[in-house]
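Since the structure comes first, as structure tokens, the remarks are kept for the end.
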Protein chains: 2
Amino acid sequence: MTDTFVSNPSFFKLDATLKRIRNYWQKTFDAHKKDITVDQWLLIENLYKHKKITHNELARMTSKDITTVSRIIELLVKKELVVREGSPQDRRKVFLQLTQKGTDKYKEVRPLVLDMRKTGWAGLTEQDYTELTRILDAIYNNIP
Amino acid sequence: MTDTFVSNPSFFKLDATLKRIRNYWQKTFDAHKKDITVDQWLLIENLYKHKKITHNELARMTSKDITTVSRIIELLVKKELVVREGSPQDRRKVFLQLTQKGTDKYKEVRPLVLDMRKTGWAGLTEQDYTELTRILDAIYNNIP
DNA sequence: TTATATTAGTTGCTACTGCAACTATTGCTA
DNA sequence: TAGCAATAGTTGCAGTAGCAACTAATATAA
């Protein structure tokens, strides 16, 4: 591997791309008055798929710090999109669930997200997707 | 492009990989007592390369908001790694430059960064790098 | 069974992000 | 040249990120 190669700013490119996507998503949510942030959406999406999970599990699934999840959930509870429910078996645990309003929000926002993903991948192939996944996974797993 | 494909969480994978890299870099900086954050490093790196630029130019180069750059620079000035110098030609502009201490910091930290890049790319080829760049650029340019 | 370790979650703190509103300065145009 | 638009930068605000220290509850080991 050449030195030029190693010096190249892949970190920067990842960061720039992600920011661009995040920005686009947020602007689209705002334009459609969805009253939601990108990260709030990510939590809702996972809660929809897994129905009833704890802060910890949600944190692992979303690659977020438990602290961060706890605070985003706080906001979602205030918006009445999520309810917290203590576990009777283990009183340390708190189960999270979408409310009806939360489920409705999911169904409202999901089409926007699908559209935006299509936009982002325009002109790219499934092969490209596989490659991207492979390379990102490799980098991820290289890091101690 | 299939629906399964579009539903796949590429955003999430990008985010997770970037967080992992960022975390690894920060922990390495801390372990070597470099007293610097990853984003502070990115600004220093660009100031080293471009010597004398404004907040605006630095923001464009790093894909950061001018606001963010302004505040990170504030911290770097406090650490005496950067000096601000008003432009006599255009009194709205402020030129930024590394101090000697800032230049020293750059030279101190740079080897760590090169090592970490090598670690991240272990087992991957230049071809992989080219592919990643191509795909990320395509996504970036697809976004309106 | 008591002491200790582990686990779940919250709170405090510092830093990065991005929008909106603001000041100061410069450029452009009627 | 007066008036307005554009540009550079800062400040206020809300949200995300992650570490450290904390509480509460559960699990484990002497």
Side-chain angles (χ1 to χ4, degrees), chain A residues 11-12 15-31 34-44 53-60 62-79 82 84-96, chain B residues 11-12 15-31 34-44 53-60 62-79 82 84-96:
Chain A
F11 176 93
F12 168 71
D15 187 51
T17 307
L18 192 61
K19 266 183 197 150
R20 183 100 162 198
I21 298 173
R22 189 182 286 277
N23 209 265
Y24 171 48
W25 284 33
Q26 189 61 58
K27 277 182 167 36
T28 303
F29 289 168
D30 292 349
K34 294 306 179 194
D35 184 31
I36 210 179
T37 68
V38 174
D39 294 287
Q40 287 166 18
W41 163 254
L42 294 177
L43 294 202
I44 288 174
I53 50 181
T54 64
H55 291 75
N56 245 317
E57 289 163 341
L58 192 50
R60 264 194 300 276
T62 53
S63 272
K64 287 181 187 302
D65 199 273
I66 307 176
T67 313
T68 304
V69 168
S70 185
R71 271 168 215 171
I72 298 179
I73 288 295
E74 186 71 31
L75 295 176
L76 292 177
V77 167
K78 263 182 205 148
K79 290 182 183 176
V82 169
R84 297 195 223 232
E85 182 193 338
S87 161
Q89 282 78 34
D90 185 341
R91 282 161 49 208
R92 289 169 303 182
K93 284 190 185 174
V94 179
F95 287 115
L96 305 169
Chain B
F11 176 93
F12 168 71
D15 187 52
T17 307
L18 192 62
K19 266 183 198 153
R20 183 101 160 198
I21 298 173
R22 188 181 288 277
N23 208 265
Y24 170 48
W25 284 33
Q26 189 61 59
K27 278 182 165 39
T28 303
F29 289 167
D30 291 350
K34 294 307 179 194
D35 184 30
I36 210 180
T37 68
V38 173
D39 294 287
Q40 287 168 17
W41 162 253
L42 294 177
L43 294 202
I44 288 175
I53 51 181
T54 64
H55 291 76
N56 245 317
E57 290 164 340
L58 192 50
R60 264 194 300 276
T62 54
S63 272
K64 288 182 188 299
D65 199 272
I66 307 175
T67 315
T68 304
V69 167
S70 185
R71 274 177 254 221
I72 298 178
I73 289 295
E74 185 71 32
L75 295 176
L76 292 177
V77 168
K78 261 183 208 151
K79 289 181 183 177
V82 170
R84 295 196 225 234
E85 183 193 339
S87 161
Q89 282 77 35
D90 185 340
R91 279 162 49 210
R92 291 169 302 182
K93 284 190 185 174
V94 179
F95 287 115
L96 305 170

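In what follows, chains carry the letters A, B, and so on, assigned in the order in which the sequence lines appear, proteins first and then strands, with residues in each chain numbered from 1. As a basis for the values below, the full set of heavy atoms in this structure was taken, side chains included, without hydrogen atoms, waters or symmetry mates.
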Using only side-chain N and O atoms of [X], determine if any of them is under 4.0 Å from OP1 or OP2 of [N].
X: H55(A); N: dG9(C); result: yes
X: Q40(B); N: dC16(C); result: yes
X: K27(B); N: dC19(D); result: yes
X: T37(B); N: dC16(C); result: yes
X: R84(A); N: dT10(C); result: yes
X: N23(A); N: dC19(C); result: yes
X: K93(B); N: dG9(D); result: no
X: R92(A); N: dA24(D); result: no
X: N56(B); N: dG9(D); result: yes

Is it true that [Y] and [X] share a donor-acceptor pair across their side chains at a distance under 3.5 Å?
X: D39(A); Y: T37(A); value: no
X: N23(A); Y: K19(A); value: no
X: D65(A); Y: T67(A); value: yes

Whole angstroms only, please: what is the [atom1]-[atom2] distance between [X] and [N]?
X: R71(B); N: dC19(C); atom1: CZ; atom2: P; result: 13 Å
X: I44(B); N: dC16(C); atom1: CD1; atom2: C1'; result: 15 Å
X: Q26(A); N: dT16(D); atom1: CD; atom2: C1'; result: 11 Å
X: I73(B); N: dC16(C); atom1: CD1; atom2: P; result: 11 Å
X: F95(A); N: dG9(C); atom1: CZ; atom2: P; result: 9 Å
X: I66(A); N: dA20(D); atom1: CD1; atom2: C1'; result: 13 Å
X: L58(A); N: dT10(C); atom1: CG; atom2: P; result: 12 Å
X: L75(B); N: dT10(D); atom1: CG; atom2: P; result: 13 Å

In terms of side-chain geometry, is the basic nitrogen of K79(A) or E74(A) positioned less than 4.0 Å from the acidic oxygen of its partner? no
Under 4.0 Å, heavy atoms only, any strand: does [X] hit a base, just the sugar-phosphate, or nothing?
X: E74(B); value: nothing
X: T67(A); value: base
X: V38(A); value: nothing

K19(B) has its side chain closest, among dT16(D), dC16(C), dG18(D), to dG18(D)
Among the nucleotides dT16(D), dT17(C), dT25(C), which one has an atom lying closest to any side-chain atom of D39(A)? dT16(D)
V69(B) and K64(B): which non-hydrogen atoms are nearest, and at how many Å? CG2-CB, 3.8 Å
If you take all heavy atoms of L42(B) and T62(B), which pair is closest and at what distance? O-CG2, 4.5 Å
R22(B) or D90(A): which one's nearest nucleotide on DNA chain C is closer to the 5' end? D90(A)
When the nearest nucleotide of DNA chain D is assigned to D30(B) and to K79(A) on a heavy-atom basis, which residue is associated with the more 5' position? K79(A)
Under 3.5 Å, is there any donor-acceptor pair linking the side chain of R91(B) to the base of dG27(C)? no
